[in-house]
Amino acid sequence: MSLNTPDTQVCLWTLGYDNPASLATYTANGGYEALKKILAEKTPAEAIIEQVKISALRGRGGAGFPTGLKWSFMPRTFPGDKYVVCNTDEGEPGTFKDRDIVRFNPHQLIEGMLIAGYTLGAKAGYNYIHGEIFEQYQSWEVALNEARAAGLLGKDILGSGWDFDLHAHHGYGAYICGEETALLESIEGKKGQPRFKPPFPASYGLYGKPTTINNTETLASIPWILRHGGQAFLELGKPNNGGAKIFSISGHVNKPGNYEIPLGTPFPDLLEMAGGVRNGHKLKAVIPGGSSAPVLPAEVMMGLTLDFDAIAKAGSMLGSGAVIVMDETVCMVKALERLSYFYFEESCGQCTPCREGTGWLYRIIQRIEHGQGRPADLDELLRIGNNIGGRTICALGDAAVGPVASFVKHFRKEFEYHIENKRCMVNH
Amino acid sequence: MPLIEIDGQQVEVAPGSTVMDAAHQAGITIPHFCYHKKLSIAASCRMCLVEVEKAPKPLPACATPVTDGMKVKTHSPKAIDAQKGVMEFLLINHPLDCPICDQGGECQLQDVAVGYGGSASRYDEAKRVVKDKDLGPLIATDMTRCIHCSRCVRFGQEVAGLMELGMTHRGEHTEVMPFLEAQVTHELSGNVIELCPVGALTSKPFRYLARSWELSRRKAVSPHDGLGANVQVHVKDGRVYRVVPQNNEAVNECWIADRDRYSYEALNSAERLTRPMMKRDGVWAEASWQDALERVAAGLAAVRQQHGPAAIGGLASPHQTVEELYLFTKVLRGLGTESIDHRLAQAGAAVGNGARWLGLAIEDLEALDRILLIGATLRSEQPLAAHRLREAVKAGGQLNVLHAADDNLLCKVAGKIITRADAWGDALVRIAAAMKDAGAAVQTDTAGVNADDAARTIAASLLGGERRAVLLGALAQNHPQADRIHALAQAIAQACGAKLGFLSVAANSVGAQLAGALPGPDGLAAAAMLAAPRKAYVLLGVEPELDAYAAAAARAALKAAEFRVALTAFKSATLDDCDVLLPIAAFAETAGALVNMEGRLQTFHAAVPPQGEARPAWKVLRVLGNLLSINGFDYDSVESVRADALPEGQAHIAQHLDNATGAAGTSASPAVDGLIRLGETPMHQLDPLTRRAPALQATGAAPEAAACGALLARLGLEAGISVRVSQGEASAVMTLRQDDRLADGVLRVPAAHPATAALGGRFGPITVERV
């Protein structure tokens, strides 16, 4: 099986066709077959969830939580309203995959949400689309109208007697709204701030009703799983890491972009597909899963396969699959300053450690970068990080600490050089 | 019941409890800021992080539900480390301005910092500075001190029912602020001062006047509305510096209304009467107590001799204490008159067999599931009872309203009839008819009356549910058809098994009735006493023009009398026609008792001495009784007076409460032709004290005349113009405002305000014309 071919592609296969986003392209290639079969055969929800469990599909938004397990938490027989929410609030720096799914294969996402809605007993679904990708919001609306016209949404879908509708919700670009409970608050028209858990969305979600929230790529993988079977999806990847996954590779490579490849693919293969490191430079470090993931030095990264378990074992995370490549010209202090500024600006401000701590981290790193660092600063950064990590309402606190701790851990010498010499060791 | 272990103690807690609840139960203190027992859980300050066995991370005690067998350590090294970490974050951007902060000494942040803070800051970067906000005359802000606990925001959303403060911006730039530079106007707004765990929100009138540790705390009872909120009076050098809530779950919980909080400012008003005054040849002069009291005794004796005792009338304020009112009635009855009343604002309701009261416990207001509120401008009359009723509605109760104005009660209203006051009786008959149609046994004649949809909605609501109440507000009590409204309310309440209750207007309305401050068999009620002027008036704590149902008539009656004496804490323009003014102790300066609307006897001691030569009114009345040679004035303490007034205390009260009426519900009194006035007492004009509290007065604009747009169009008048409103001979000039929440035919012109003190009856006919 060769890499990045239509055989191994789950979500981005329509790119090989004209009008990739159209309903015609999707249905001509087996689109909506899974839904039709389910509605015709009245497949029990348990059977669908079982296939998702077999597939070892893990959440593509960053946490990698097993999707089948998450679906099994939903109180499907709860008599009131229930919701399915798709998280297209793709704000993690380095990540640009979900927007391509919405743009080039929206019907597979619609089908995935329909199947999720059917399985989980939801009456409606919402797709929360990040504020900075307005074109995708518009193309999603076009696809929804196409589906509605074809009787795939609304009342009595495909004559099955089942009602379900989908709506788009446009965010305003706050990173925190990608956190699932902040996203729910935002849909409800409130300020995007995470809720304390428990209760979890499965019991108290959108408008206080049971809700399942999945990432765009996760939901778009569902039709493939039901068409080909959970086992086939699992076999695309490796045990406990089923399927193919889109990697958004960016930074110092010759051909940055989205590559949908099987989980478990060695990192050097992906680097080669992306044309290798630019200008023949040497690879220095890689952030393997979006800006929140701890950075890994080149020598560690070159020995890893791209799957949840291997990267976790190496001390980082696969996250959203956003692979940020840095070559030898990168000043790690400056890179961390930029990352820390992001978390400082995007902290919602609700809980103390993140609100106060992210600013403190950023200011110290900024001082070091600008030649005003002190010898005690590095230990202070780690100490402050320890006081943020694990003590906040949501994971943004941990996300802010991840880069700081890993940059200092793997590139401490660069930081020390900055502090001692009041200048950069890479760019003189 | 889950059994958990907390710091080694086994505690059995109610299902659904949090770790914080369990800690309270076990007597363990967990430091916290955002947690507050009356507010929703935010779990955002993170100060209450504790170690829970098997949990990988420390968990917030306030938001973590207990599970059976859970083991919690609140002071383990892991817990302390987390708490200290949070403390450090809270302090890095907090200004170290404790020496000039009013919160100093009573600051939660300061207290917790002593236990969990470092002795020096490791934070060496620039500190945050936040622009202060103008929240109005009551609340001072130092927003740089804010620790973003969101208590004030949640208070607005959850308790006040009006979100006037919100969190804007993100991250470190988060700020608490009002909407678009608006101010905070809610009647309970001052409570955010206690809720604020730091010095970000403090009392504006109290700002920089004293340090908290210099103040002595004395318990007292708020002398304003019928709730009788428990308060603490903070005192230094014989002066009241501020008033704060005293927790009493059965009465005011931990809240007080703004007028309870800020009215103390009037104690130091320039209008305080500090020496007896007598008019000599039409000119006021200070006098000795001896001369003044002798003049009073002689003046009253002369009127009695010349015109008979029935020519003397006594008007007392229901904001005075039980003891004062009791001795007041004893003096007047000793003189031989039965024309005694405390119900100045009433047009002439009959006296019942017992004291009119709420009909249920204040606490039980929250548990009601069906309510009919008749003629109550709830938020200004009863700020805290309004909160209790909002809680009832939040819990699924249905609130139904009969009023002339569709005011925003900040909660869902199930059914409403908004109509001019002279149509309220008929509206109640329609509700009764609808109940009859629905099969209820209604003991009033509804023949020939057809229910409408609004009446049917209310009837259906009242006939559902289990815990019901029909409540009569101040307007229903002051109404010219008060007896008819009362009788119909009684019939409706009986038909659906509801409690019938009165929302008592004043802190001691019930106590005044129990003390006998009501007309006797041959005596006149307040309105009659002023309509048919007496030859002499004895006034206790009243300002007749402001307190009376018909202001202009009150003024005229006083003018026409031969002798007038006022026992008063203030020199008031409305008392200018008097002959003698006797200075009496005001709130916090005297001991006594108040009986609130649920019949609760609440006693208190004096917190400060009376100003100047002012004396407690009960002592003044005692001397006056003796000077008039009336028997039974040998009291040596306020307790001995109380023992006579309420012989068995609380038990006596319980036996003397009665809301029943024998009045008829059918006798339709004539409707008013043309426009009818809606004359309410503004929230901060309730009594002489609130009228003189500068900060409270600064919250309101001058009174305006308001009418709905349809009426304005018919009259050819536009909002914003100056108009003359007239009631017979009496008139006043004011600005006209459009308010589409008012029923057609209604002109809302506040009473109890100097600007409208020249006008007539609160629900009388009124005209309006362009000036």
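Keep in mind the model is a prediction, meaning the values are calculated, not measured. So that the names make sense, note that chain A is the first sequence line, chain B the second, and so on, each numbered from 1. Basis for what follows: all heavy atoms, side chains included, without hydrogens, waters or symmetry-related copies.
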Do other residues, nucleotides or ligands put more than 12 heavy atoms under 6.0 Å from the [atom1] atom of [X]?
X	atom1	answer
A/Tyr204	OH	no
B/Lys57	NZ	no
B/Lys394	NZ	yes
A/Lys197	NZ	yes
B/Lys78	NZ	yes

Once you round to the nearest 0.5 Å, how far does CH2 of A/Trp360 lie from CG of B/Asn93?
10.0 Å

Which atom names give the shortest non-hydrogen contact between [X] and [Y], and what distance separates them?
X	Y	value
B/Thr174	A/Lys191	CG2-NZ, 4.4 Å
B/Arg170	A/Ala174	NH1-CB, 3.4 Å
A/Pro353	B/Phe89	CA-CD1, 3.5 Å

Test side-chain contact (heavy atoms from CB on, under 4.5 Å) on B/Glu172 and A/Thr358 and set out the steps.
CA-CA 8 Å; B/Glu172 212 185 79; A/Thr358 50; 6.0 Å; no

Toward chain A: residues of [range] with heavy atoms under 4.5 Å:
range	answer
residues 111-128 of chain B	B/Arg122, B/Tyr123, B/Asp124, B/Glu125, B/Ala126, B/Arg128
residues 150-162 of chain B	none
residues 41-48 of chain B	B/Ala42, B/Ala43, B/Ser44, B/Cys45, B/Arg46

Checking B/Pro65 against chain A: side chain, backbone, both or neither under 4.5 Å from a heavy atom?
side chain

Side chain / backbone / both / neither for B/Leu90 at chain A, heavy atoms under 4.5 Å:
both

Within residues 377-389 of chain A, which positions have a heavy-atom distance to chain B below 4.5 Å?
A/Glu380, A/Arg383, A/Ile384, A/Asn387, A/Ile388

With respect to chain A, which residue among [options] yields the maximal number of heavy-atom pairs within a distance under 4.5 Å?
options	answer
B/Gly85, B/Ala82, B/Gly166	B/Ala82
B/Leu59, B/Val86, B/Ile92, B/Leu49	B/Ile92
B/Glu88, B/Met167, B/Lys84	B/Glu88

Top of A/Arg391, A/Gln366, A/Gln350, A/Arg363 for chain B proximity - count of heavy-atom pairs under 4.5 angstrom
A/Arg391

Below 4.5 Å, heavy-atom pairs only: which of A/Cys348, A/Gly359, A/Gly357 has the largest tally toward chain B?
A/Cys348

Residue pair B/His173 / A/Glu345, side-chain donor-acceptor N/O under 3.5 Å
yes

With a 4.5 angstrom heavy-atom cut-off, could you sort out which part of A/Arg367 is near chain B: side chain, backbone, both or neither?
side chain

